[in-house]
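The sequence lines fix the lettering, A, B, ..., with proteins before strands; numbering per chain opens at 1.
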Amino acid sequence: MTESRLRFPPSPTGYLHIGGARTALYNWLYARKTGGKLILRIEDTDTERSTTDSIEGILDGLNWLGIDWDEGPYFQTDFSEEHRNAAETLLKTGNAYKCFCSRETLEQKREAALAAKESVGYDGTCRSLAPETVQQKEAAGIPAVIRFKVPERSGKIGYDDKVLGRIESSYSEIDDFVIVRSDGNPLYLLCNVVDDIRDRISHVIRGQDHMTNTIKQLLLYEALGAPVPVFAHMPLTLDNKKAKISKRNHGEIVAVQFYKEHGFIPWAFNNYLVLLGWSPGNDREFFSREELIETFSLERINRSSSIFNYRKDDPKFFTDPKAISINEHYLRSMPISELAPFVKERLSKEALWDESYGQERRQWFHDTLELIRSRFHTINDFTSLGRAYFADDYEIEEKPLKKNLLKYPGLKTWLPELAETYKAAEHFSLEETERLARKCAEEADVKPGVIINGMRTVVTGQLAGPSMFDILMTLGRDTVVRRLKKTPELFA
RNA sequence: GUCCCCAUCGUCUAGUCAGGUCCAGGACACCGGCCUUUCACGCCGGCAACACCGGUUCAAAUCCGGUUGGGGACGCCA
């Protein structure tokens with residue numbers, strides 16, 4: 001058996017969005033599972049809309065996700081000659097013809113058909129033009145496109161889809177489609193097939209929105225005398241209003257880049273993405289890279305479309321809650337040594353990284369991450385909610401300030417006093433700091449919670465967090481004393 | 001309008017091909033409880049679905065037909 005060859009062919013007309021990422025992921029998984037190759041091919045034949053920024057964005061997105069490829073990136077425009085030759089061949093073999101209908105005429109006919117609620121396909125005006133007529137029109141300089149001549153056959157053409165099963169369509173339903181523009185540039189339907197033939201693609205995994213293209217391309221494979229690859233059409237991802245997700249309508253929320261910037265762990269995002277339209281057949285939801293490659297299969301891809309369940313302007317979830325929960329799962333269960341690099345990157349970006357965290361304070365760094373990670377949602381939370389563990393410029397949040405500090409004016413003096421006590425204490429241990437804090441509460445004649453929560457507010461700026469005395473140990477005596485002494489400033 | 005695909009909790013889904021073990025299981029979200037000086041984590045519990053109508057069958061979420069609903073395609077975009 002020959003090796004499987006897959007491809008991911010994005011068009012560089014925008015950033016990589018979750019639909020594209022999921023397609024790339026499925027192709028990648030199948031290639032890796034079967035020991036095959038994944039080819040990255042940039043389909044840039046739409047020169048009007050293609051941009052180099054998009055290419056970079058797509059590559060960057062794939063790299064971030066960890067989706068690697070074995071060949072490419074190839075650029076479709078580098079093979080224009082080949083595409084034109086293929087069109088020429090089709091013309092010669094009688095599988096294609098020149099069409100002189102103007103855009104305006106076509107547009108009018110289409111609109112008229114739509115208005116009359118009739119079928120909107122090409123009417124075949126130029127399908128059987130006499131050779132002389134063609135010559136005359138060419139001589140007159142009338143621009144022409146090249147259309148594929150769909151064979152006049154009865155019956156149906158079809159293929160066995162790995163996801164959907166047998167898919168068929170009547171020949172009579174297929175319009176003569178354009179394969180070369182009037183400016184001589186070949187179009188997607190043709191280029192895509194020519195490239196897939198050249199790249200010896202064995203499996204085409206793409207969205208269900210390509211189903212009608214597949215039928216047309218089947219004809220192209222036949223006319224070009226090439227073997228047809230295996231097709232697998234995956235379900236589309238819709239928004240919660242059941243509209244196809246698109247860059248244009250949904251903006252950055254559907255961009256892979258958005259998740260990178262918002263502190264997702266790349267693998268967690270892949271794990272979320274793969275579950276949108278595929279399941280292993282049991283209750284399992286978390287997979288390591290190797291486990292997913294092992295478990296993944298085309299046959300278990302769902303037939304029905306799934307919904308990317310984000311609510312715009314949801315105060316609680318900035319994207320699909322399921323995606324966040326999967327990220328949280330990885331955040332709190334992955335080995336600290338694997339989490340650390342992600343946090344390091346984020347801290348570095350905010351100029352909070354200290355080289356010692358990777359050297360003599362490495363253990364401290366890891367212990368701290370262990371202490372605080374259970375209540376975080378993303379990597380970004382380490383520099384926002386968790387800022388007080390790495391810097392002094394953390395923000396004192398409004399809510400705890402009012403509720404746990406300003407409400408008890410006595411704290412203005414109690415906390416600095418406790419700071420002195422801590423400074424003078426023989427041991428700055430878990431037990432001792434707690435004992436002294438409780439003693440402080442006793443002397444002030446308040447509940448220990450008042451002292452503890454007040455301290456939490458001053459020392460971390462947060463309403464909630466890990467056990468107070470664990471925090472104290474993590475921060476260290478000097479920092480704690482310094483911060484507690486500044487308590488009066490917060491009453492100003 | 002034509003063609004194609006799809007249809008289980010709010011969402012992601014298991015179960016459908018080989019009908020009975022499914023008055024439908026898991027996860028997220030939500031609600032309640034336990035734990036806890038706080039908040040999370042964790043644990044326990046709860047809410048919540050087979051779109052509808054017929055047919056086949058001793059038996060249908062599962063097979064068949066229809067209806068409805070949703071989506072996609074119909075471009076000199078990819």
**Gap in Å between the two C1' atoms, one belonging to B:C5 and one to B:C22, rounded** = 28 Å
**Message:** Please classify the nucleic acid contact of A:Ile167 as base, sugar-phosphate, or nothing, using heavy-atom distances under 4.0 Å.
**Reply:** sugar-phosphate
**Message:** Heavy-atom nearest nucleotide on RNA chain B for A:Lys216 versus A:Ser305: which residue maps closer to 5'?
**Reply:** A:Ser305
**Message:** Using a heavy-atom cut-off of 4.0 Å across all strands, would you classify A:Pro10 as base, sugar-phosphate, or nothing?
**Reply:** nothing
**Request:** Write down the partner of B:A61 under the Watson-Crick or G-U wobble criteria, each distance required to be under 3.5 Å.
**Result:** none
**Item:** A:Phe269 and A:Tyr272 aromatic ring geometry - parallel, tilted or perpendicular at 30°/60° bounds
**Value:** tilted
**Check: A:Lys241 main-chain N/O paired with A:Asp239 side-chain donor or acceptor under 3.5 Å** = yes
**Asked** Looking across every strand, which nucleic acid part, if any, lies under 4.0 Å from A:His210 by heavy atom: base, sugar-phosphate, or nothing?
**Response** base
**Item:** Under 3.5 Å donor-acceptor pair, A:Asn213 side-chain atoms to B:A78 base atoms
**Value:** yes
**Message:** Using only modelled atom types and a 3.5 angstrom limit, is any donor from either the side chain of A:Arg49 or the base of B:C77 paired with an acceptor on the other?
**Reply:** yes
**Asked** Angle class for the A:Phe318/A:Phe264 ring planes (parallel below 30°, perpendicular above 60°, tilted otherwise)?
**Response** perpendicular
**Prompt:** P atom, B:G26 versus B:G46: distance in rounded Å?
**Reply:** 10 Å
**Asked** Taking the six-membered ring of A:Phe79, is the NZ or CZ of A:Arg198 close enough (under 6.0 Å from the centre) and on axis enough (within 45°)?
**Response** yes
**Item:** Backbone N/O of A:His377 and side chain of A:Asn327: donor-acceptor pair under 3.5 Å
**Value:** yes
**Prompt:** Which is true for A:Val178 with a 4.0 Å heavy-atom rule: it touches a base, it touches only sugar-phosphate, or it touches nothing?
**Reply:** sugar-phosphate
**Complete:** As its Watson-Crick or G-U partner within any shown strand, both distances under 3.5 Å, B:U68 has B:A7
**Request:** Report the nucleotide, chosen from B:U37, B:C3, B:G72, that has the shortest atom-to-atom distance to any side-chain atom of A:Leu236.
**Result:** B:G72
**Prompt:** With no angle test and no hydrogens, is the base of B:C76 tied to the side chain of A:Ser182 by a donor-acceptor pair under 3.5 Å?
**Reply:** yes
**Asked** Which one, B:U11, B:C74, B:G25, comes nearest to the side chain of A:Asn309?
**Response** B:U11
**Asked** Between B:C28 and B:A40, how far is it from one P atom to the other, in whole Å?
**Response** 16 Å
**Asked** Using a distance-only test with no angle check, is there a side-chain donor-acceptor pair under 3.5 angstrom linking A:Arg206 and A:Thr214?
**Response** yes
**Prompt:** Within the structure shown, what part of the strands sits under 4.0 Å from A:Phe286 by heavy-atom distance: base, sugar-phosphate, or nothing?
**Reply:** nothing
**Asked** Which of the following nucleotides, B:C12, B:C41, B:G72, is nearest to the side chain of A:Lys244?
**Response** B:G72
**Item:** Presence of donor-acceptor pair under 3.5 Å, side chain of A:Arg375 and base of B:C41
**Value:** no
**Asked** Are any of A:Arg456's side-chain N or O atoms less than 4.0 Å away from OP1 or OP2 of B:C39?
**Response** no
**Item:** Short side-chain N/O contact to B:A14 OP1/OP2 from A:Arg284, under 4.0 Å
**Value:** no
**Prompt:** Looking for any heavy atom pair under 4.0 Å, which part of the strands does A:Gly165 touch: base, sugar-phosphate only, or nothing?
**Reply:** nothing
**Prompt:** Is a side-chain N or O of A:Tyr389 found less than 3.5 angstrom from the main chain of A:Leu475, in a donor-acceptor match?
**Reply:** no
**Request:** Indicate, yes or no, whether a donor-acceptor pair under 3.5 Å links the base of B:A27 to the side chain of A:Lys322.
**Result:** yes
**Prompt:** Given atom CD of A:Glu173 and atom P of B:C3, what is their separation to the nearest angstrom?
**Reply:** 6 Å
**Asked** With a non-hydrogen cut-off below 4.0 angstrom, is A:Ile307 in contact with a base, only sugar-phosphate, or nothing?
**Response** sugar-phosphate
**Request:** Please tell me which of the listed nucleotides, B:A40, B:U13, B:C76, lies nearest to the side chain of A:Arg110?
**Result:** B:C76
**Message:** Categorize A:Ser11 for me: base, sugar-phosphate, or nothing, with a 4.0 angstrom heavy-atom threshold over every strand shown.
**Reply:** sugar-phosphate
**Request:** Go through B:C77, B:C12, B:G26 for me and flag the one nearest to the A:Asp283 side chain.
**Result:** B:G26
**Prompt:** Does A:Arg147 count as lying over the ring of A:Tyr122, i.e. NZ or CZ under 6.0 Å from the six-ring centre, within 45 degrees of the axis?
**Reply:** yes
**Asked** Taking OH from A:Tyr330 and P from B:C28, how many angstroms apart are they, rounded to a whole number?
**Response** 14 Å
**Message:** Considering every strand and a 4.0 Å limit on heavy-atom distances, what is the contact class for A:Ser467: base, sugar-phosphate, or nothing?
**Reply:** base
**Asked** At under 4.0 Å between heavy atoms, what does A:Gly465 touch on the DNA or RNA strands: base, sugar-phosphate, or nothing?
**Response** base
**Message:** Categorize A:Pro321 for me: base, sugar-phosphate, or nothing, with a 4.0 angstrom heavy-atom threshold over every strand shown.
**Reply:** sugar-phosphate
**Prompt:** Would you say a side-chain N or O of A:Ser374 is under 4.0 Å from OP1 or OP2 of B:C39?
**Reply:** no
**Request:** Measure from the side chain of A:Arg300, starting at C-beta and using heavy atoms only, and say which of B:G15, B:A78, B:C76 lies closest.
**Result:** B:G15
**Prompt:** Which part of the nucleic acid, if any, lies within contact of A:Lys447, taking any heavy atom under 4.0 Å across all strands shown: a base, the sugar-phosphate backbone alone, or nothing?
**Reply:** nothing
**Request:** With heavy atoms under 4.0 Å as the rule, sort A:Arg303 into base, sugar-phosphate or nothing.
**Result:** sugar-phosphate
**Request:** For A:Glu285, report the nucleic acid contact type (base, sugar-phosphate, nothing); a contact means any heavy atom under 4.0 Å.
**Result:** base
**Request:** Among residues two or more places apart or on two chains, list those pairs meeting side-chain hydrogen bond (donor to acceptor under 3.5 Å, both in side chains) that have a residue in residues 455-466 of chain A.
**Result:** A:Glu397-A:Gln462
**Prompt:** Expressed in whole Å, how much space separates the C1' atoms belonging to B:A7 and B:U13?
**Reply:** 14 Å
**Message:** In whole Å, I'd like the distance from the NZ atom of A:Lys156 to the P atom of B:C3.
**Reply:** 10 Å
**Asked** Of all the choices, B:G70, B:U37, B:U11, which nucleotide is nearest to the side chain of A:Phe469 once you look at every atom?
**Response** B:U37
**Asked** Mapping A:Glu328 and A:Asp320 onto RNA chain B by nearest heavy atom, which one lands closer to the 5' end?
**Response** A:Asp320
**Request:** Using the P atoms only, state how far B:U56 lies from B:G71, rounded to an integer number of Å.
**Result:** 34 Å
**Nearest-Å distance once atom C1' is located in both B:U21 and B:U38** = 48 Å
**Prompt:** Considering only the P atoms, how many Å lie between B:A48 and B:U11, rounded to the nearest integer?
**Reply:** 16 Å
**Fill in**
Which of B:C12, B:G71, B:C76 is nearest the side chain of A:Leu187? It is B:C76
**Item:** Nearest-nucleotide pick for A:Lys242, side chain only, options being B:G70, B:C77, B:C6
**Value:** B:G70
